[in-house]
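To start, the structure itself, in structure tokens.
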Amino acid sequence: MNSPKGLAALAAATVHSPKRLIPAVGAAILLVSGAVAPAAHAAPAKPMDVRYRLDACFTGACGSATFTFKSNGSQATNVDMSVKDNKCDSHPVYLRFRVYEGDGGYWRTGKRWNSSGCDANYAQWHNKHINAEWRIYALRVEVCVDDWGTDTCRASSPVYNPYF
């Protein structure tokens with residue numbers, strides 16, 4: 001009963017079975033008190049100590065970014081990024097962020113270009129930052145090929161801001 005599903009089942013049993021109220025409350029108290037928690041290891045990192053990584057790769061381009069959320073909730077700092085052409089089709093590639101601010105919508109940062117072509121090193125940028133007018137809910141990295149018509153892009157999974 002140490003998992004969220006177990007707690008949900010415990011709550012459901014309490015609601016639907018009054019006879020199980022006392023055992024359910026007792027189990028919840030034990031769980032909260034830590035009596036049934038696993039042995040403690042090193043303290044988990046504070047959110048401000050966590051460095052996040054996002055990756056997006058496909059046939060055409062590959063890119064990644066690492067960063068740290070600031071405790072004010074509206075910035076990502078120490079942003080390092082890189083992007084590479086991996087298709088050899090002479091189309092430039094670029095990387096940018098999608099910045100989600102909690103209302104369901106997002107805006108994009110400026111494009112960071114690599115026009116060096118295939119077999120070149122990753123183009124890299126270091127110690128950049130992202131400032132949002134409002135609080136950042138989540139970030140995704142978007143890697144694109146500047147090809148004919150609409151650019152071909154792939155986005156990473158999101159990383160959610162612990163300070164939102």
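No hydrogens, no waters, no symmetry mates; every other heavy atom, side chains included, goes into these values.
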Identify the two heavy atoms, one from [X] and one from [Y], that lie closest to each other, and give their separation to 0.1 Å.
| X | Y | value |
| --- | --- | --- |
| Glu101 | Trp134 | OE2-N, 2.9 Å |
| Asp151 | Cys144 | CB-CB, 4.5 Å |
| Phe69 | Pro162 | CD1-CD, 3.6 Å |
| Ser82 | Gln124 | CB-CG, 3.9 Å |
| Leu139 | Ala76 | CD1-CB, 3.9 Å |
| Val141 | Ala65 | CG2-CB, 4.3 Å |

Set out, in order, the CA-CA distance, both residues' side-chain angles and the distance that settles side chain to side chain contact (heavy atoms under 4.5 Å, CB included) for Asp146 and Val93, then state yes or no. CA-CA 6 Å; Asp146 184 19; Val93 299; over 6 Å; no
Could you tell me if the side chain of [Y] sits less than 4.5 Å from the side chain of [X], heavy atoms only?
| X | Y | answer |
| --- | --- | --- |
| Trp107 | Arg98 | no |
| Val79 | Thr66 | no |
| Ile130 | Phe97 | yes |

I'd like to know if Tyr52 and Tyr160 are part of one continuous hydrophobic network [Ile/Leu/Val/Met/Phe/Trp/Tyr, side-chain heavy atoms within less than 4.5 Å]. no
Let me see the working for Asp55 and Arg53 under salt bridge (charged side-chain N to carboxylate O under 4.0 Å, His left out), right down to the final yes or no. CA-CA 7 Å; Asp55 297 288; Arg53 181 182 174 120; 3.0 Å; yes
Donor-acceptor pair, [X] side chain versus [Y] backbone, under 3.5 Å?
| X | Y | value |
| --- | --- | --- |
| Asn114 | Val83 | yes |
| Asp80 | Phe67 | no |
| Asn161 | Ile136 | yes |

Determine, for Lys87 against Asp147, whether the closest basic-nitrogen to carboxylate-oxygen distance falls under 4.0 angstrom.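 Judged by the 4.0 Å cut-off on N to carboxylate O distance, Lys87 and Asp147 do not form a salt bridge.
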Show, in sequence, the C-alpha distance, side-chain angles and deciding distance for Arg140 and Ser156, and conclude whether the side chain to side chain donor-acceptor pair (under 3.5 Å) test is met. CA-CA 5 Å; Arg140 295 174 93 173; Ser156 68; 5.0 Å; no
From Arg154, Arg108, Lys111, Arg112, residue fulfilling salt bridge (charged side-chain N to carboxylate O under 4.0 Å, His left out) relative to Glu142: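 Per the salt bridge (charged side-chain N to carboxylate O under 4.0 Å, His left out) rule, the option paired with Glu142 is Arg108, out of Arg154, Arg108, Lys111, Arg112.
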Does the gap between the ring centers of Tyr100 and Tyr106 come in under 6.0 Å?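 Yes, close enough.
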Enter the distance from Met81:CE to Leu95:CG here, rounded to the nearest 0.5 Å. 6.5 Å
Is atom OH of Tyr137 surrounded by more than 12 heavy atoms (other residues, nucleotides or ligands) closer than 6.0 Å?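 No, not enclosed.
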If only side-chain N and O atoms count, and only distance matters, is there a donor-acceptor pair under 3.5 Å linking Thr109 with Arg96? no
Would you call the rings of Tyr94 and Trp113 parallel, tilted or perpendicular if under 30° counts as parallel and over 60° as perpendicular?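 Ring orientation of Tyr94 relative to Trp113: tilted.
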